[in-house]
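Each remark here refers to the structure printed beneath this line.
Note that ligands are numbered from 1 as they come in the structure, with each ligand's atoms numbered from 1 the same way. The analysis underlying the following values was restricted to heavy atoms, covering all of them including side chains, and did not include hydrogens, waters or symmetry mates.
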Amino acid sequence: MNILKGIAASSGIAVAKAYLLDEPVLAVEKKTVHDVDAELKRLDSALVQSTKELEEIRAHAMENLGADKAAIFDAHLLVLSDPEMLTPIKDKIKAEQVNAEFSLKETADMFIAMFESMDNEYMRERAADIRDVTKRILAHLLGVRLPNPSMISEEVIIVAEDLTPSDTAQLDPKFVKGFTTNVGGRTSHSAIMARSLEIPAVVGTKKATMEIQNGDLIIVDGLNGEIYINPDDELIREFKGRHEAYEAQKSEWAKLVNEKTVTVDGYQVELAANIGTPKDLESALKNGAEGIGLFRTEFLYMGRDQLPTEEEQFEAYKAVLEGMNGKPVVVRTLDIGGDKELPYLQLPDEMNPFLGFRAIRLCLEEQEMFRTQLRALLRASAYGNLRIMFPMIATLTEFRQAKAILEEEKTKLLQEGIRVSEEIQTGIMVEIPSTAVLADQFAKEVDFFSIGTNDLIQYTMAADRMNERVSYLYQPYNPSILRLIKMVIDAGHNEGKWVGMCGEMAGEELAIPILIGLGLDEFSMSSSSILKVRSLIHKLNKQKMEQLAEEVLQMSVVEDVINAVQETAMQLEKRI
Ligand code: PEP
Ligand code: MG
């Protein structure tokens with residue numbers, strides 16, 4: 001048995017067979033063939049197999065993931081039957097007596113280069129389709145297995161280098177019992193998705209795809225960040241026991257679902273959920289969310305091949321607002337960029353995507369896209385308690401510009417006779433140090449702050465949140481971060497504004513005592529963390545936590561802060 005250490009990214013324990021989602025190497029060599037007919041037959045057979053496979057995938061996607069996602073495979077099937085693509089491949093085999101792999105690759109590369117150089121966006125998307133289909137045919141010619149995540153129909157644990165949000169969106173949580181990746185940290189989006197799907201995950205193992213074979217039995221221990229490869233029966237029994245104990249603990253927490261979140265001395269806060277799609281609402285409600293503190297709308301834009309329309313977005317926002325039945329719903333406008341890509345936007349590659357043209361920067365430039373989203377939101381506002389939040393705000397000017405665009409769209413809608421709520425609050429994510437430092441000025445103009453620690457920590461510490469080699473610098477409890485958080489909370493309160501936190505820190509057991517002490521009003525987290533956090537807050541004394549917060553703010557290294565909070569936690573355990 002082999003054990004891999006990684007970062008515990010989503011709690012729980014899973015035992016199942018491994019499903020490797022790594023990209024195989026499809027190396028093509030040029031060979032001379034003597035039997036051209038046999039080579040043509042080999043190509044035909046690969047085409048037939050690829051078509052059959054794609055038809056199955058499309059049918060499966062249609063049934064489980066919806067028409068949107070299935071449409072991607074329609075485009076692939078079109079390429080597979082297109083004579084303009086197939087004839088030159090066959091002609092080349094005949095004329096040059098070369099192997100099918102080589103002819104396919106050369107011809108496809110030529111088409112890809114041609115489509116990619118076109119101005120027309122639709123044509124550029126065809127290049128991506130050709131690349132995908134070529135990969136599938138090549139895999140059949142070379143006898144190599146290509147992973148098809150959307151086809152999984154038995155219980156598995158996904159093992160991958162990394163999982164992009166759109167990969168994750170294609171996974172059916174019915175069958176995917178857990179996952180592990182080579183790269184990533186607790187706040188990479190694959191980890192966040194795992195928590196929202198409530199499946200255990202260990203990320204940043206560095207070598208899971210090297211050490212684990214397809215079909216190996218593995219245990220994912222999402223509580224301690226460990227992976228066990230081909231464990232013996234005794235260990236499997238032990239982990240099944242731990243899994244049951246964890247489930248029993250969850251049933252205890254479940255009793256708090258309708259309770260308020262109040263400390264022993266009567267200080268009340270709000271626990272909200274972070275969601276990515278209207279589908280996540282079910283889990284938010286089941287876990288007793290008192291609101292939605294962060295709706296990451298970029299997931300509505302991912303895993304498809306064009307922008308969502310105003311109508312599609314309106315329906316999604318309306319569904320969430322109605323589902324929350326008057327409770328607050330903070331919707332964040334599009335935050336694309338960093339590790340979240342939209343291939344169909346064709347944005348140029350950047351040296352430092354996390355510091356680049358993303359989120360509000362992109363929206364203020366691509367105003368048509370931004371205005372469509374704002375109109376959808378404004379229209380949906382009539383159906384609940386909407387709060388609009390702008391991401392990655394670095395200057396007050398950006399906030400003013402975004403707000404002005406919002407006001408313009410509101411005026412237009414009202415002129416068209418469309419109902420828009422008069423009560424919409426507008427706020428910002430505080431996730432860039434410049435904004436945290438200048439929070440007193442921002443507080444005069446925004447209705448609320450939500451602290452985005454995932455980014456605030458990476459920008460303050462200059463440590464990429466995706467890079468496990470610098471994860472030691474990713475320190476939520478560094479006094480510098482705690483002081484910034486205090487500045488933002490105090491600045492908001494001085495102007496009578498509420499302050500929340502929607503970064504992952506808001507759901508972490510170690511952070512809760514400090515944040516209660518600092519006076520945070522709203523904690524927004526993965527739904528699966530809400531009840532655990534509520535149970536913890538029920539045991540805390542606000543006044544004592546204020547003393548703790550004061551102490552840790554004066555400390556100089558992160559280790560001291562962690563020790564101080566752990567000490568407090570131990571005293572709590574003793575009292576119960
Ligand atoms: C954050 O940065 O803390 C945040 C909540 O946003 P995201 O994780 O989507 O960047
Ligand atoms: Mg962020």
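Considering only non-hydrogen atoms, atom 8 (O) of ligand 1 lies nearest to Arg465 out of Arg465, Glu431, Glu504.
Taking atom 4 (C) of ligand 1 as the reference point, the nearest protein heavy-atom neighbour is Met429 CE, 3.5 Å. Closest to atom 1 (C) of ligand 1 among all protein heavy atoms lies Asn454 CB, 3.4 Å.
The aromatic rings of Phe442 and Phe449 sit perpendicular, their planes meeting at an angle over 60°, well past the 30° parallel limit.
Every N/O-N/O distance between Cys502 and ligand 1 stays at or above 3.5 Å.
If you look at Arg332 next to ligand 1, the close heavy atoms, those under 4.0 Å, all belong to the side chain. Counting heavy atoms closer than 4.0 Å to ligand 1, residue Thr453 contributes backbone atoms (N, CA, C, O) but none from C-beta onward.
Taking both residues in full, the closest heavy atoms of Ile13 and Pro200 are given as N-CG, 3.7 Å, listed atom of the first, atom of the second, then distance.
Taking a cut-off of under 4.0 Å to the non-hydrogen atoms of Leu294, the atoms of ligand 1 that pass are 5 (C). Per-residue contacts place Asp455 under 4.0 angstrom from the following atoms of ligand 1 (heavy atoms of the residue considered): 1 (C), 2 (O), 3 (O), 10 (O). Atoms of ligand 1 found under 4.0 Å from any heavy atom of Arg296 (numbered from 1 in listed order, with element): 4 (C), 5 (C), 6 (O), 7 (P), 8 (O), 9 (O).
For the Mg ion (ligand 2), the count of nearby protein N/O/S atoms, taking only those under 2.8 Å, is 2.
Within a 6.0 Å sphere centred on CD of Glu282, other residues, nucleotides and ligands contribute 12 heavy atoms or fewer. Other residues, nucleotides and ligands place no more than 12 heavy atoms under 6.0 Å from the NZ atom of Lys260.
When only modelled atom types and interatomic distance are considered, Ser283 and Glu198 share a side-chain donor-acceptor pair under 3.5 Å.
Applying the salt bridge (Lys or Arg N to Asp or Glu O under 4.0 Å) rule to pairs touching residues 546-558 yields Lys542-Glu546, sequence neighbours excluded.
The closest side-chain heavy-atom distance from Leu536 to Glu509 is below 4.5 Å. By the 4.5 Å heavy-atom criterion applied to side chains, Trp498 and Glu522 are counted as neighbours.
For the pair Lys497 and Phe448, the cation-pi criterion (under 6.0 Å, within 45° of the ring axis) is not fulfilled.
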Side chain to side chain contact (heavy atoms under 4.5 Å, CB included) between Arg358 and Ile336, intermediate numbers included: CA-CA 6 Å; Arg358 55 173 294 201; Ile336 214 68; 5.8 Å; no
